[in-house]
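Heavy-atom basis, side chains included; hydrogens, waters and symmetry copies ignored.
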Number of protein chains: 2
Amino acid sequence: MRRYDLALIGFGGVNRALAELIAERGDELADELGFALRVVAITDLRAGSLVDVEGIDLAPLLATGPGELAFAGMEGGNADPRNEWVIREVPADIVAEATFTNPADGEPAVSHVRWALEAGKHVCTTNKGPVALRGRELKELAVRHGVSIEFEGAVLSGTPVLRTAERLLSGLRITGVEGIMNGTSNFILGRVEDGADFEAAVKEAQDLGYAEADPTADVEGHDVQLKVMILANEVLGADLRPEDVFREGISGITAEDIKDAVDKGLRWKLVGSATRRSDGGVDARVAPMALPADHPLAGIAGPLNAVAFRTDLLGTVTVSGPGAGRIETAYALLSDIIAIHQRHANDAAASSGHVVEEALHG
Amino acid sequence: MRRYDLALIGFGGVNRALAELIAERGDELADELGFALRVVAITDLRAGSLVDVEGIDLAPLLATGPGELAFAGMEGGNADPRNEWVIREVPADIVAEATFTNPADGEPAVSHVRWALEAGKHVCTTNKGPVALRGRELKELAVRHGVSIEFEGAVLSGTPVLRTAERLLSGLRITGVEGIMNGTSNFILGRVEDGADFEAAVKEAQDLGYAEADPTADVEGHDVQLKVMILANEVLGADLRPEDVFREGISGITAEDIKDAVDKGLRWKLVGSATRRSDGGVDARVAPMALPADHPLAGIAGPLNAVAFRTDLLGTVTVSGPGAGRIETAYALLSDIIAIHQRHANDAAASSGHVVEEALHG
């Protein structure tokens with residue numbers, strides 16, 4: 001059976017959840033999917049780095065509490081994350097990148113992805129930054145090195161949005177795409193609709209773990225802006241930069257606006273959209289919209305997210321599901337690994353792949 | 001470029017829309033999809049049959065009005081549909097079956113599909129009957145003959161429901177599936193919610209072309225029952241018969257029931273569902289349910305349909321889109337042909353496939 005060796009870059013919630021999946025369900029997944037997974041390297045800003053090319057024993061790491069993990073002193077461990085060295089030098093087939101993104105330049109994730117692709121390693125990432133800001137360049141780099149970059153988790157965590165467009169809508173002309181792609185702002189709007197004060201709703205979202213300490217990226221539409229760029233570029237073939245995407249957040253919506261809308265049967269939503277113009281270009285924007293009750297996105301409430309594809313032959317097809325969550329996002333990485341396997345299972349196993357000689361289960 | 005020769009069985013709205021797609025957009029689709037399509041046979045209960053192994057000129061056929069078409073007297077034409085002969089004997093790669101289904105035994109569609117598979121031809125069908133009632137047998141028959149049977153259009157027309165489960169949810173445990181899968185009953189419920197009388201709403205659905213002259217199959221849940229069987233069998237691996245699926249339609253819902261529900265913030269929907277039991281079996285049912293407003297299916301209004309998959313790692317993922325329509329259902333056939341191509345493009349072209357030697361576009 002084919003086996004893929006993984007380097008996990010960033011060991012916060014998402015990659016830790018992926019490690020849990022592999023530790024708890026690896027054999028079962030191997031039976032179902034036809035390949036095995038093994039973690040050979042982990043790096044983390046706080047914990048440092050850990051390398052074992054024979055496979056890291058995940059159980060003891062996963063038994064530690066949040067923030068307790070320190071790789072220094074372990075065999076193959078180091079207090080320094082050594083990201084570049086691990087990504088470039090440790091023999092791994094796939095680099096699972098789940099660190100963080102500076103929304104201005106996508107770093108350090110962009111560099112992590114670039115190093116991996118240059119080293120001939122496949123990449124799966126949940127990071128919006130590299131995909132939104134450097135997607136075209138990184139995909140070209142992957143092609144040049146004969147590897148893949150997959151990033152379903154950059155939009156709506158594991159909910160299969162990008163792959164629906166890529167795989168299930170062939171033969172259709174997709175004329176536009178719009179979505180509710182930020183659960184925090186959607187939750188806040190819903191609470192204000194229920195009568196809560198805006199500031200109290202933000203606080204509630206923070207208490208529930210939806211919103212960051214600084215809620216700006218969620219509330220002012222920066223997060224959705226990056227996702228709109230990804231959809232415009234991936235689904236509509238555009239090549240947009242942040243300045244091409246008009247952005248307005250929800251902080252300007254008053255309780256009165258919301259009450260007026262409810263009275264008219266409308267619901268305010270923060271909508272990200274990209275539409276093909278008649279000249280072939282793509283208009284993209286993030287803005288609050290008061291949607292009629294029968295709009296496919298009007299019923300998307302709370303932390304649920306959704307993306308609607310407008311097509312010529314099929315009208316509007318909408319996919320809804322979780323927009324965030326550590327396990328949901330770890331599943332995005334697993335779905336990326338499955339996609340890499342489907343594309344590359346028949347590649348020569350010589351240079352970067354491994355074939356497990358013995359049967360795994362007897 | 002690879003070319004597939006098609007036999008269209010049934011030339012009502014759906015296969016006629018497929019023929020329009022091929023006639024109007026064939027070259028463009030070939031560029032995008034990497035294969036060409038040619039129609040070599042058409043049969044129809046009323047029009048008879050028409051065969052031209054060099055490719056039927058579709059334009060004159062598509063220029064006729066509804067009901068005007070008669071193949072008798074044309075070269076290769078016959079007043080008799082000659083379905084068995086055409087399906088078995090005319091050299092075609094793919095049989096597109098879009099006739100009708102007797103919901104009791106799935107005929108004549110079951111025989112059409114069986115003849116095609118026995119003759120080593122791939123099948124795409126929009127017919128629920130063969131899939132719901134004989135799916136397992138027909139899929140085994142396809143495997144024995146080295147061909148594929150595809151049927152995305154049997155549930156929610158071209159909306160990619162079955163393929164979402166098959167291709168985009170790998171690695172998840174799907175624990176249940178539920179959907180609004182009949183646009184007519186959904187439209188009627190919506191109109192009654194708006195204050196219309198039940199009988200008047202049925203009449204309105206008929207006038208709009210949603211409901212048949214005899215609305216029983218839609219209103220009493222028979223149509224949804226077959227779709228639930230397909231979902232249970234395909235997505236949850238069950239092997240259900242109609243008598244295994246509890247069925248209750250919407251005719252017993254009173255205007256008062258609906259008013260009470262609206263007062264409580266609930267919306268009545270005709271829901272088809274299949275759920276995996278703890279013993280591994282599958283419970284399936286069709287019944288009206290009063291859904292809370294934040295249920296993923298509550299906002300699915302009018303002719304829109306939706307199917308929600310309950311999963312372990314990803315929670316609920318819902319796909320919504322058109323549930324019917326001639327072009328929407330013709331796209332289901334096109335998506336099936338794409339799936340057949342993806343699976344069989346590398347099969348030996350000798351026996352049933354054709355490779356167009358010359359470049360199609362210069």
| task | Specify which of A:L304, A:L172, A:T316 makes the most heavy-atom pairs with chain B at under 4.5 Å. | result |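 Highest number of heavy-atom pairs under 4.5 Å: A:L172.
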
Just give me the residue among [options] that pairs up with chain A most often, heavy atom to heavy atom, under 4.5 Å.
options                        : result
B:P160, B:G325, B:S320         : B:S320
B:V317, B:T318, B:V319         : B:T318
B:L313, B:T329, B:L334, B:I327 : B:L313
B:A332, B:G171, B:G321         : B:G171

Which portion of [X] sits near chain A, non-hydrogen atoms under 4.5 angstrom:
X      : result
B:T164 : both
B:L29  : side chain
B:L33  : side chain

| request: Below 4.5 Å from any heavy atom of chain B, which atoms of A:I338 appear? Answer side chain, backbone, both or neither. | output: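 For A:I338, the contact with chain B is made by the side chain alone.
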
| task | Please flag which part of A:N305 lies under 4.5 Å from any non-hydrogen atom of chain B: side chain, backbone, both or neither. | result |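 For A:N305, there is no contact with chain B at all, as no heavy atom is under 4.5 Å.
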
| task | Indicate yes or no: at least one non-hydrogen side-chain atom of A:S335 is less than 4.5 angstrom from one of B:L168. | result |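 A:S335 does not reach B:L168 side chain to side chain.
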
| request: Could you grab the distance from atom CZ of A:R173 to atom CD of B:E28, nearest 0.5 Å is fine? | output: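 One gets 4.0 Å once the value is rounded to the nearest 0.5 Å.
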
| message | If I take atom OG from residue A:S170 and atom NE2 from residue B:H341, how far apart are they, to the nearest 0.5 angstrom? | response |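 That separation rounds to 10.5 Å.
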
| said: How close do A:L169 and B:Y331 get, counting heavy atoms only, and between which atoms? | reply: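 Looks like C-OH, 3.3 Å.
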
| Minimum-distance pair of heavy atoms, taken over all atoms of B:L314 and A:G158 |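 Closest approach of B:L314 to A:G158: CD2-O, 3.4 Å.
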
| Heavy-atom contacts under 4.5 Å, residues 11-25 of chain A to chain B |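 The residues closer than 4.5 Å to chain B, in numerical order, are A:L21, A:R25.
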
